[in-house]
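The structure under discussion appears below in the form of structure tokens.
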Amino acid sequence: MPLLLSIIIGALAASPLVAAHGKVAVVQGNAGGNGTALGITGGIVPGTGRNRVTEVDTTVFGKTNIATNGLGRTTGGGQNKAADLSAAIAQSGSTLPQVSASNGSITGTFHIVTTDGAGPVQAIIDPTATGQFSNGIQANVVTDVPGNNGNIKANGKVPRALQALGLMKRAANVNMDFPINIAVPAGTSCTGAVAGQQNVCFMKIANANRAGPFGGVIAFQVAGAATNTTATIAKRFAA
């Protein structure tokens, strides 16, 4: 490869030219319950249009290493916080995704907003639901999101390696949904207390695109261990 071309490709790969997005739109547990990622604002965000209006509720993380602490941020809402789980519950129902103690899984929809918000993705679990993913548990992505280094073409086709390095036009709208399936390791124990919910885990799902990375953080509980503050108080009064 000529030296000049090598330098250009290296520079493009190290310094992203665009900001594009992919988000975790909706998830379910294999034992019931529904959820969505922190920061998602729902159907009020258009699927097509200019990047600045379609990307507002997609989470951007600071580092490509999946085991990095923090819940990410969105351009519309700023830094994600654990307390934002209340808003996610208001959208998707009071029962968080429930996973089995063995052979548990999270399934759902990963929405690719623009061309470098694609797959593949990784997943990691924080049992404390505080965003401490550096001490997290790696989860196996069984059904992955298509893409090459986080890039995909506007028509949903996976680009070749040269395009995936950054030699492509400004991020274009994709507006496509793809299924995800993530296995939760047997023996996972959730200890977090967030938004009135007890025994909560957080799961970060993200690609490794240097323009982001992009994805989201969802909450779940292990079936049979899930309680919430309201139910606990009611039980005490009943006694």
Hey, does [Y] have a side-chain heavy atom less than 4.5 Å from the side chain of [X]?
| X | Y | result |
| --- | --- | --- |
| Val60 | His21 | yes |
| Pro127 | Ile137 | yes |
| Ile106 | Phe220 | yes |
| Asn207 | Pro120 | no |
| Arg73 | Thr59 | no |

Could you tell me which non-hydrogen atom of [X] sits nearest to which non-hydrogen atom of [Y], and how far apart they are?
| X | Y | value |
| --- | --- | --- |
| Val200 | Ala219 | CG1-CB, 3.9 Å |
| Pro146 | Val158 | CB-CG2, 4.0 Å |
| Ala118 | Val145 | C-CG1, 4.3 Å |
| Ile205 | Ala123 | CG1-CB, 4.4 Å |

Report whether [X] and [Y] are members of the same hydrophobic cluster (ILVMFWY, side-chain heavy atoms less than 4.5 Å apart, transitive linking).
| X | Y | answer |
| --- | --- | --- |
| Val141 | Phe110 | yes |
| Ile66 | Met203 | no |
| Leu71 | Val56 | no |

May I ask you to check whether Thr115 and Asn151 show a side-chain donor-acceptor distance below 3.5 Å? no

### Between Asn175 and His111, a side-chain donor and acceptor under 3.5 Å
yes

Note to self: Does Asn155 have more than 12 heavy atoms from other residues, nucleotides or ligands lying within 6.0 Å of its CG?
What the structure shows: yes

Using modelled atom types and a 3.5 Å cut-off, is there a donor and acceptor pairing between side-chain atoms of [X] and backbone atoms of [Y]?
| X | Y | value |
| --- | --- | --- |
| Asn80 | Thr74 | no |
| Thr114 | Asn173 | no |
| Asn209 | Pro213 | no |
| Asn135 | Phe133 | no |
| Lys204 | Gly216 | no |

Find the distance between [atom1] ([X]) and [atom2] ([Y]) and round it off to the nearest 0.5 Å.
| X | Y | atom1 | atom2 | result |
| --- | --- | --- | --- | --- |
| Lys153 | Ile112 | NZ | CD1 | 14.0 Å |
| Asn149 | Thr64 | CG | OG1 | 10.5 Å |
| Gln98 | Gln221 | CD | CD | 5.0 Å |
| Gln197 | Ser86 | CD | OG | 8.5 Å |
| Ile89 | Asp84 | CD1 | CG | 11.0 Å |

*Test log, rule side-chain contact (heavy atoms from CB on, under 4.5 Å), inputs Val217 and Phe61*: CA-CA 10 Å; Val217 174; Phe61 298 102; 3.9 Å; yes

For residues 24-45, which side-chain donor-acceptor pairs fall under 3.5 Å, sequence neighbours excluded?
| residue | atom | partner | partner atom | Å |
| --- | --- | --- | --- | --- |
| Gln28 | OE1 | Thr107 | OG1 | 3.4 |
| Asn30 | OD1 | Ser100 | N | 3.1 |
| Asn30 | OD1 | Ser105 | N | 3.1 |
| Asn30 | ND2 | Ser100 | OG | 2.8 |
| Thr36 | OG1 | Ala25 | O | 2.5 |
| Thr41 | OG1 | Asp57 | OD2 | 3.4 |

Under the side-chain contact (heavy atoms from CB on, under 4.5 Å) test, residues paired with Ala90 that sit two or more places apart: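 Checked Ala90 against side-chain contact (heavy atoms from CB on, under 4.5 Å); zero matches.
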
Contacts of Ser134 meeting side-chain hydrogen bond (donor to acceptor under 3.5 Å, both in side chains) (sequence neighbours excluded), chain-then-number -> Asn69

- Please test Phe202 against Ile125 for side-chain contact (heavy atoms from CB on, under 4.5 Å), starting from the C-alpha separation and ending with a verdict. CA-CA 6 Å; Phe202 277 165; Ile125 298 166; over 6 Å; no

Residues joined to Val113 in its hydrophobic cluster, side chain to side chain under 4.5 Å directly or through other members, sorted by chain and number, are none

With a 3.5 Å cut-off and sequence neighbours excluded, list the donor-acceptor pairs that the side chains of residues 178-188 form with protein atoms.
| residue | atom | partner | partner atom | Å |
| --- | --- | --- | --- | --- |
| Thr188 | OG1 | Pro185 | O | 2.6 |

| task | Check salt bridge (charged side-chain N to carboxylate O under 4.0 Å, His left out) between Lys63 and all other residues, then give those that pass, not counting sequence neighbours. | result |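 Salt bridge (charged side-chain N to carboxylate O under 4.0 Å, His left out) list for Lys63, sorted by chain: empty.
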
Legend entry - Phe214 six-ring face occupied by Lys23 cation (under 6.0 Å, within 45°): no

Item to complete: Please test Thr191 against Asn199 for side chain to side chain donor-acceptor pair (under 3.5 Å), starting from the C-alpha separation and ending with a verdict.
Response: CA-CA 4 Å; Thr191 62; Asn199 305 317; over 6 Å; no

